[in-house]
Number of protein chains: 2
Amino acid sequence: MLIGALLRVPAQAIHRRIIGDLNAAGFTELRVPHMAIFQYPGPDGERPGVLAERAGISKQAMNQVLRSLETAGYLERSDAPDHGRARIVRLTRRGAMAYATIHDILRDIEHQWAVELGPRAFGNLKTLLIRVWESPLVR
Amino acid sequence: MLIGALLRVPAQAIHRRIIGDLNAAGFTELRVPHMAIFQYPGPDGERPGVLAERAGISKQAMNQVLRSLETAGYLERSDAPDHGRARIVRLTRRGAMAYATIHDILRDIEHQWAVELGPRAFGNLKTLLIRVWESPLVR
DNA sequence: ACATGTTGGTAAAGGAAGTTTACCTTGGCG
DNA sequence: CGCCAAGGTAAACTTCCTTTACCAACATGT
């Protein structure tokens, strides 16, 4: 078994679970592309261009995501007071609740993994993945 | 840092690297959706429906991927002699070369990870991920 | 034997989501 | 003041998946 599949399959499973649980929790408008926004760290106070780069999509694509989330009441775009044409994305109360819910779901997933693998093995796994994260391997 | 991002980011990095290296190696037609075909184990001798289920997409979507790969000369679909309406996907020489190249790229990635983390830590990481793979967590 | 259902495969139309192209606004700078 | 770069937005296009529909080859019941 090669490292590609070993990482990809669990990552996909977590992704599906997050979306499913979010929908079940009442955030029924949230779908796959919206997750580009809610990835850590959240979009609160950021500018659209920064969010686009972070998510690895074009500014235009990010703008479509932002517009749909704004329509659905998850965030709002306001003018940045000091910096020219720049705008700022702010989560609404509903957006903040969705973000907190994602965090809760991930906590629950981590708990299940810790039970399944044992807390020690799960801790080792996270430690190793953090070393990968901090290495040049993922650049 | 939560487990979702820790798995997702390296998995995406590997995915981008595979496609980039494949294109650089002369397989310029291969793009994201084509990877659904070349995931382990390869498509050689399989039927379209099985490939669709394995990739998690509909039979129709898989059929479009197969057609584009057939047009590009990576595989061919032939009638299965014994089993009724069933058809069989066969890699051409070019398709087999692409598959082998993917394998080489993954081997190279694993080598780089082993150097970066140390062989022992990398072995531990794979062992832990295999335990996840075999658990009900990813179902 | 033959009508019917099931399985496997394919094709066309529709929709979701990202990119390319183009444009507007703001502020910096000669 | 005129020009240009940066940031943001919008429209058109492309890609790719799903929905819907259809066809062919068995299997089965009567």
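- Heavy-atom neighbours of B:E116 CD from other residues, nucleotides or ligands within 6.0 Å: above the threshold of 12.
- The aromatic rings of A:F27 and A:Y74 sit tilted relative to each other, their planes meeting at an angle between 30° and 60°.
- Both B:I37 and A:L2 belong to a single network of hydrophobic side chains, linked directly or stepwise wherever heavy atoms of I, L, V, M, F, W or Y lie under 4.5 Å apart.
- Checking the phosphate oxygens (OP1, OP2) of D:dA24, no side-chain nitrogen or oxygen of B:R87 falls inside 4.0 Å.
- The rotation axes computed at either terminus of the helix from C:dA1-D:dT30 to C:dG30-D:dC1 lie 0° apart, taking five pairs at each end and rounding to 10 degrees.
- Near DNA chain D, meaning a heavy atom under 4.0 Å away, there are no residues from residues 12-37 of chain A.
- Not a single donor-acceptor pair under 3.5 Å links the side chain of B:Y40 to the backbone N or O of A:A5.
- Closest non-hydrogen pair, B:Y99 versus B:G42, comes out as OH-N, 3.1 Å.
- One interatomic measurement links the two molecules: CG of A:L66 to C1' of D:dT9, which rounds to 11 Å at whole-angstrom precision.
- Within the structure, the salt bridge (charged side-chain N to carboxylate O under 4.0 Å, His left out) test picks out the following pairs touching residues 56-78 of chain B (sequence neighbours left out): B:E70-B:R77.
- In the region residues 56-65 of chain A, proximity to DNA chain D at under 4.0 angstrom, judged on heavy atoms, holds for A:K59, A:Q60, A:N63.
- Paired with B:R17 under the rule side chain to side chain contact (heavy atoms under 4.5 Å, CB included), one option of B:I14, B:I19, B:D21 passes, and it is B:D21.
- A straight line from CZ of A:R67 to P of C:dA16 spans 14 Å, rounded to a whole angstrom.
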Without placing hydrogens or testing angles, list every side-chain donor-acceptor pair under 3.5 Å for residues 129-137 of chain B, not counting sequence neighbours.
from	atom 1	to	atom 2	distance (Å)
B:R131	NH2	A:L117	O	3.0
B:S135	OG	B:V132	O	2.7
B:S135	OG	B:L137	N	3.1

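- If you take CG of B:L51 and C1' of C:dG8, they are 13 Å apart, rounded to a whole angstrom.
- Atom C1' of nucleotide D:dG8 and atom CD1 of A:I88 are separated by 14 Å, given to the nearest angstrom.
- Note on ring orientation: taking the six-membered ring where Trp is involved, the planes of B:W113 and B:F122 are perpendicular (angle over 60°, cut-offs 30° and 60°).
- For the pair B:K126 (side chain) and A:M1 (backbone), a donor-acceptor distance under 3.5 Å is present.
- B:L69 places its CG atom 11 Å from the P atom of D:dC16, with the value rounded to the nearest Å.
- Here salt bridge (charged side-chain N to carboxylate O under 4.0 Å, His left out) pairs that include residues 30-46 of chain A, with residues two or more places apart or in two chains, are A:D44-A:R90, A:E46-A:R54.
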